[in-house]
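First listed ligand is number 1; within each ligand, the first listed atom is number 1. When reading the values below, keep in mind they use all heavy atoms of this one structure, side chains included, and skip hydrogens, waters and symmetry mates.
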Amino acid sequence: MIAARDIAFAYPRGGFALKVSQLDVAPAERVGVIGPSGTGKTTLLNLLAGLSRPDAGTLSVAGTDLTALGEAGRRRFRATHVGFIFQNFALVDYLNAYENILYPYRVGLGLKLDSQVRERAHALADACGIANRLKSHPQALSGGEQQRVAICRALVTRPRLILADEATGNLDPETKEVILDLLFARAAEMEATVLAVTHDHDLLPRFDRVIDFSTLRQAA
Ligand code: ADP
Ligand code: MG
């Protein structure tokens with residue numbers, strides 16, 4: 001699902017540079033990523049999602065060579081293949097929770113919004129315990145509720161790859177387990193791969209494999 005070789009990336013105006021010599025993730029694998037803040041975990045997820053492009057190296061995700069695609073191609077790739085749960089949720093503040101969940105369909109890119117998708121959005125919201133919050137806008141939702149909206153939005157397109165950036169960070173321990181159960185159950189059903197950055201060491205035994213980001217970087 002993921003094959004990265006000798007990828008390098010630096011922010012245009014920043015001093016930060018990331019190098020990863022090798023990262024391989026198998027289809028349907030559930031991988032946890034741990035590591036200190038500010039070391040480039042989010043930067044790596046952005047590269048895997050096609051939000052940014054490596055300056056060097058090769059990066060193939062779901063059989064697509066991301067280094068060969070331009071901005072529009074990567075946007076289409078992301079819409080159709082990747083569910084991204086952002087660290088800061090990245091909800092759209094003028095849309096209510098339901099509209100936020102369906103946001104990937106609003107931006108078009110070959111995704112078709114039909115009654116089946118709407119049903120799926122409701123089922124996900126129900127499973128995440130936010131069915132009664134769908135008319136609320138992000139500013140009226142708690143952090144945990146916003147996080148669950150973000151999770152529903154990442155799953156509603158039935159992506160091949162789910163990238164989660166500290167997706168359970170704002171939740172209480174019990175809800176964390178419930179949300180991870182849900183994430184893993186949906187991923188298993190879709191045979192989707194999960195790569196999740198987490199600081200929740202309690203959750204690590206539930207992954208097939210845990211990568212220490214410090215080691216991944218040092219290998220460069
Ligand atoms: P982590 O997710 O591990 O906390 P990040 O990938 O968010 O780390 O950030 C790694 C480094 O890159 C940090 O030093 C951060 O300040 C810097 N950084 C993040 N985003 C940008 C940006 N858009 N422009 C310049 N520097 C950035
Ligand atoms: Mg981060």
Side-chain angles (χ1 to χ4, degrees), residues 1-25 29-59 61 66-67 69-72 74-75 77-78 82-93 100 138 142-155 159 161-172 175-176 179-180 183 187 193-204 206-207 209-220:
M1 181 59 52
I2 298 172
R5 291 290 178 282
D6 301 314
I7 53 172
F9 174 82
Y11 288 106
R13 275 190 301 275
F16 183 80
L18 176 68
K19 279 189 179 165
V20 171
S21 68
Q22 184 172 356
L23 172 64
D24 290 300
V25 178
E29 202 178 5
R30 294 170 302 189
V31 177
V33 178
I34 54 164
S37 293
T39 53
K41 301 182 300 298
T42 296
T43 304
L44 176 67
L45 293 190
N46 288 343
L47 290 167
L48 299 177
L51 281 161
S52 43
R53 184 160 62 173
D55 302 322
T58 58
L59 176 58
V61 179
L66 288 186
T67 54
L69 296 180
E71 187 114 10
R74 281 184 283 123
R75 204 174 302 132
F77 164 81
R78 192 163 62 252
V82 181
F84 201 127
I85 306 163
F86 294 90
Q87 191 165 9
N88 58 0
F89 321 136
L91 299 181
V92 183
D93 57 8
N100 263 286
S142 72
E145 286 170 339
Q146 291 183 33
Q147 198 152 29
R148 284 178 268 178
V149 173
I151 290 167
C152 292
R153 180 182 56 185
L155 292 174
L161 173 64
I162 298 163
L163 298 173
D165 204 353
E166 302 184 27
T168 53
N170 277 50
L171 306 171
D172 60 79
T175 311
K176 268 179 205 191
I179 294 292
L180 200 68
L183 201 66
T193 305
V194 179
L195 188 85
V197 171
T198 181
H199 288 300
D200 288 317
H201 286 248
D202 304 353
L203 299 179
L204 295 182
R206 310 210 25 205
F207 290 89
R209 177 157 65 106
V210 176
I211 296 176
D212 180 345
F213 192 73
S214 316
T215 314
L216 194 68
R217 280 198 70 189
Q218 276 166 12

Review point. Does a side chain donor of either Asn46 or Thr43 reach within less than 3.5 Å of an acceptor in the other side chain?
Key: no

Review point. Under 3.5 Å, is there a donor-acceptor pair linking the side chains of Asp165 and Thr42?
Key: yes

Are [X] and [Y] side-chain neighbours, meaning at least one heavy-atom pair lies under 4.5 Å?
X	Y	value
Leu48	Leu59	yes
Met1	Glu29	no
Thr198	Glu166	no

Check your understanding: Any N/O/S of Thr42 under 2.8 Å from the Mg ion (ligand 2)?
Key -> yes

Check your understanding: So, Thr43 and the Mg ion (ligand 2): N/O/S under 2.8 Å, yes or no?
Key -> no

In the protein, what heavy atom is nearest to [atom], and what distance, to one decimal place, separates them?
atom	value
atom 1 (P) of ligand 1	Gly38 N, 3.5 Å
atom 18 (N) of ligand 1	Tyr11 CE1, 3.4 Å
atom 7 (O) of ligand 1	Thr42 CB, 3.6 Å
atom 8 (O) of ligand 1	Gly40 N, 3.1 Å

Practice item. Give a yes or no on whether atom 22 (C) of ligand 1 lies under 4.0 Å from any heavy atom of the protein. Key: yes

Review point. Looking at atom 12 (O) of ligand 1, would you say a protein heavy atom lies below 4.0 Å from it?
Key: yes

Exercise for review: Without swapping roles, check the side chain of Asp55 against the backbone of Ala10 for a donor-acceptor pair under 3.5 Å.
Suggested key: yes

**Study point:** Geometric N/O contact Thr43 with ligand 1, under 3.5 angstrom
**Key:** yes

Practice item. Please say whether Ser37 places an N or O atom under 3.5 Å from an N or O atom belonging to ligand 1. Key: no

Study note, to complete from the structure: Between Ile162 and the options Val194, Ile151, Leu195, Val82, the side-chain contact (heavy atoms from CB on, under 4.5 Å) test singles out Val194

**Study point:** Derivation and outcome, side-chain hydrogen bond (donor to acceptor under 3.5 Å, both in side chains), residues Ser21 and Asp6
**Key:** CA-CA 4 Å; Ser21 68; Asp6 301 314; 5.0 Å; no

Review point. In terms of atom number and element, which parts of ligand 1 are under 4.0 angstrom from non-hydrogen atoms of Lys41?
Key: 1 (P), 2 (O), 3 (O), 4 (O), 6 (O), 8 (O)

